[in-house]
Amino acid sequence: MRVLVTGGAGFIGSHVVEALRAHGHEPVVYDVRADPAADVRDPYTVRRALTGVDAVCHQAAMVGLGAGFADAAEYVSRNDLGTAVLLTAMADTGVRRLVLAGSMVVYGEGRYTCPRHKVVRPGPRAVADLDAGRFEPTCPQCGADLSPGLIAEDAPVDPRNVYATTKLAQEHLAAAWARATDGSAVSLRYHNVYGPGMPRDTPYAGVASFFRSALARGEAPRVFEDGRQRRDFVHVRDVAAANVAALEAAARKGALATYNTGSGDPHTVGEMAGALAAAYGGPEPVVTGEYRLGDVRHITADSARLRAELGWKAGVGFAEGMREFARAQMRQGVSG
């Protein structure tokens, strides 16, 4: 299979390219890092790149929280306009298979249960609570403490920052394209991806990158809130393998299929910082109590659907992955 990989020179995209080659496919890299003219928003160059292609693995995106709402227009341009241009070109050229780099950020907060009201959806956390160090969401009906759990693909979506909103819009565009063209579209909702080749020293990367960048500078990782927020840290090679599995699976025409892509082994951000610092050789993390508006408290994946339907499973354990990442090469100041 000849596969166009947008963002194929980036962090996740480069690993997808390697995985495709290892499975006997022919990846075609489309990335402004490799060619300044390869902008996914340029209809002419996108159409030309689709020549002879059997499928598209769309990894190109502006990621992370960035600099707040000031980045809104750039996020929408790169992520949503870029996706619309790509899908239009695919519709025109007859390419009918898409795997999209989705994200768990479309859910907003994760899954919570209240002792009295069962499964509930807490709203955005109040600034006054965050300032006072009250980080845990409470039941929106009775104010009781909540228990976080794994979130499945059928949970309601509730994007809570600009990046999350653009990732959900990408899914809607992909679904519309699939219906209009009888194409096959899959969105892999990545959880917290980490591993070799992550960008360093950029506000557009994930928390693992922030911590690893600090350690490389000889500084202590700064853990926001109280460090007890739960995430699912999934290794980039496992994410690349999920992309290959999605491309090789039987096509489901005319619809978008969504799959959580996580390790299934949740850890707190504080645990991750501690494991990374220990493997690197220090300094130890510092819990700051600071916070970022738009961050959610707990979000962890139920990836059972991906395992059952596509035969994928995570292969890199948390301890092993953090030991490797502590000494892995990073790329300078690059997002995506």
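Source: prediction; values computed, not measured. Values reported hereafter were calculated over all heavy atoms of this structure, with side chains retained and with hydrogens, waters and symmetry mates removed.
- Crowding of Arg228 atom CZ: a count of heavy atoms from other residues, nucleotides or ligands under 6.0 Å not exceeding 12.
- In the hydrophobic clustering of this structure, Leu173 does not group with Val99; members are Ile, Leu, Val, Met, Phe, Trp, Tyr whose side-chain heavy atoms approach within less than 4.5 Å, directly or through other members.
- Residue Arg217 qualifies as enclosed at atom CZ: its count of foreign heavy atoms under 6.0 Å is above 12.
- Taking 4.5 Å as the limit, every side-chain heavy atom of His25 sits out of range of all side-chain heavy atoms of Cys57.
- Thr165 and Tyr75 are not linked by any side-chain donor-acceptor pair at a separation below 3.5 angstrom, with hydrogens and angles left out of the test.
- Counted by atom type alone, Tyr194 and Arg212 present zero donor-acceptor pairs between their side chains at under 3.5 Å.
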*Please step through side chain to side chain contact (heavy atoms under 4.5 Å, CB included) for the pair Tyr291 and Val127, ending with a clear verdict.*
CA-CA 10 Å; Tyr291 62 87; Val127 171; 3.6 Å; yes
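- Val95 is connected to Leu98 through a chain of hydrophobic side-chain contacts under 4.5 Å among Ile, Leu, Val, Met, Phe, Trp and Tyr, so both are in one cluster.
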*asked:* The test is side chain to side chain contact (heavy atoms under 4.5 Å, CB included); show your working for Val296 and Arg231 and say whether it passes.
replied: CA-CA 10 Å; Val296 298; Arg231 297 290 187 270; 4.1 Å; yes
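- A donor-acceptor distance shorter than 3.5 angstrom exists from the side chain of Thr93 to the backbone of Ala89, with no hydrogens or angles considered.
- Contact annotation: the side chain of Pro199 approaches that of Phe11 to within less than 4.5 Å [non-hydrogen atoms, C-beta and beyond].
- Side chain of Arg2 to backbone of Thr51: a donor-acceptor contact under 3.5 angstrom is found.
- Note that OG of Ser14 and CZ of Arg33 are 8.5 Å apart. Values are rounded to the nearest 0.5 Å.
- Rounded to the nearest 0.5 angstrom, Asn161 CG and Leu293 CG are separated by 10.5 Å.
- Within the 3.5 Å criterion, the main-chain N or O of Leu87 finds no donor-acceptor partner in the side chain of His58.
- Proximity of Phe210 to Arg222: side-chain heavy atoms (C-beta onward) are nowhere separated by under 4.5 Å.
- Cluster membership check: Val239 shares its hydrophobic cluster with Val3, using side-chain heavy-atom separations under 4.5 Å among Ile, Leu, Val, Met, Phe, Trp and Tyr.
- No donor-acceptor pair under 3.5 Å is formed between the side chain of Thr45 and the backbone N or O of Ala38.
- Salt bridge annotation for Arg297-Glu225: present, with a cationic side-chain nitrogen under 4.0 angstrom from a carboxylate oxygen.
- A donor-acceptor pair under 3.5 Å links the side-chain atoms of Asn260 to the main chain of Ile151, judged by distance alone.
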_Pair His23, Glu248 - check side chain to side chain contact (heavy atoms under 4.5 Å, CB included), show working._
CA-CA 10 Å; His23 282 77; Glu248 292 180 342; 3.8 Å; yes
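- Under the 4.5 Å side-chain heavy-atom criterion for Ile, Leu, Val, Met, Phe, Trp and Tyr, Val186 and Met1 are members of the same hydrophobic cluster.
- With Gln229 contributing its side chain and Phe224 its backbone, the two residues share a donor-acceptor pair below 3.5 Å.
- Under the 4.5 Å side-chain heavy-atom criterion for ILVMFWY residues, a single connected hydrophobic cluster contains both Tyr190 and Val207.
- Between Met198 and Phe325, the closest side-chain pair of non-hydrogen atoms falls below 4.5 Å.
- Judged purely by atom type and a 3.5 angstrom limit, Thr300 uses its side chain to pair as donor or acceptor with the backbone of Gly149.
- Contact check on Glu18 versus Arg237 returns no salt bridge, with no Lys/Arg side-chain nitrogen under 4.0 Å from an Asp/Glu carboxylate oxygen.
- Between the OH atom in Tyr112 and the OG1 atom in Thr138 there is a gap of 10.5 Å [rounded to 0.5 Å].
- Judged purely by atom type and a 3.5 angstrom limit, Asn79 has no side-chain atom pairing as donor or acceptor with the backbone of Ala61.
- No hydrogens or angles considered: nothing links the side chains of His191 and Ser263 as a donor-acceptor pair under 3.5 Å.
- To the nearest 0.5 Å, the span separating CD on Glu136 from CG on Asp145 amounts to 8.0 Å.
- Rounding to the nearest 0.5 Å places CG of Asp71 at 4.0 Å from CE of Met62.
- Side-chain N or O atoms of His298 include one that pairs as donor or acceptor with a backbone N or O of Arg230 at under 3.5 Å.
- His235 has its side chain out of reach of Glu320: every pair of non-hydrogen atoms, C-beta onward, lies at least 4.5 Å apart.
- In terms of modelled atom types and a separation under 3.5 Å, the side chain of Trp312 and the main chain of Val244 share no donor-acceptor contact.
- In the model, Asn243 has a side-chain atom that pairs as donor or acceptor with a side-chain atom of Gln59 under 3.5 Å.
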*Test side chain to side chain contact (heavy atoms under 4.5 Å, CB included) on Tyr30 and Leu86 and set out the steps.*
CA-CA 11 Å; Tyr30 187 86; Leu86 172 66; over 6 Å; no
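- Proximity of Asp158 to Tyr107: side-chain heavy atoms (C-beta onward) are nowhere separated by under 4.5 Å.
- The shortest side-chain heavy-atom distance between Leu20 and Leu247 falls under the 4.5 Å cut-off.
- Between the OG atom of Ser187 and the NZ atom of Lys167 there is a distance of 7.5 Å, given to the nearest 0.5 Å.
- A cation-pi contact links Arg327 to Tyr280, judged by a cut-off of 6.0 Å to the six-membered ring centre and 45° from its axis.
- Two residues are said to be in side-chain contact when any heavy atoms from C-beta on lie closer than 4.5 Å; Glu109 and Arg160 meet this criterion.
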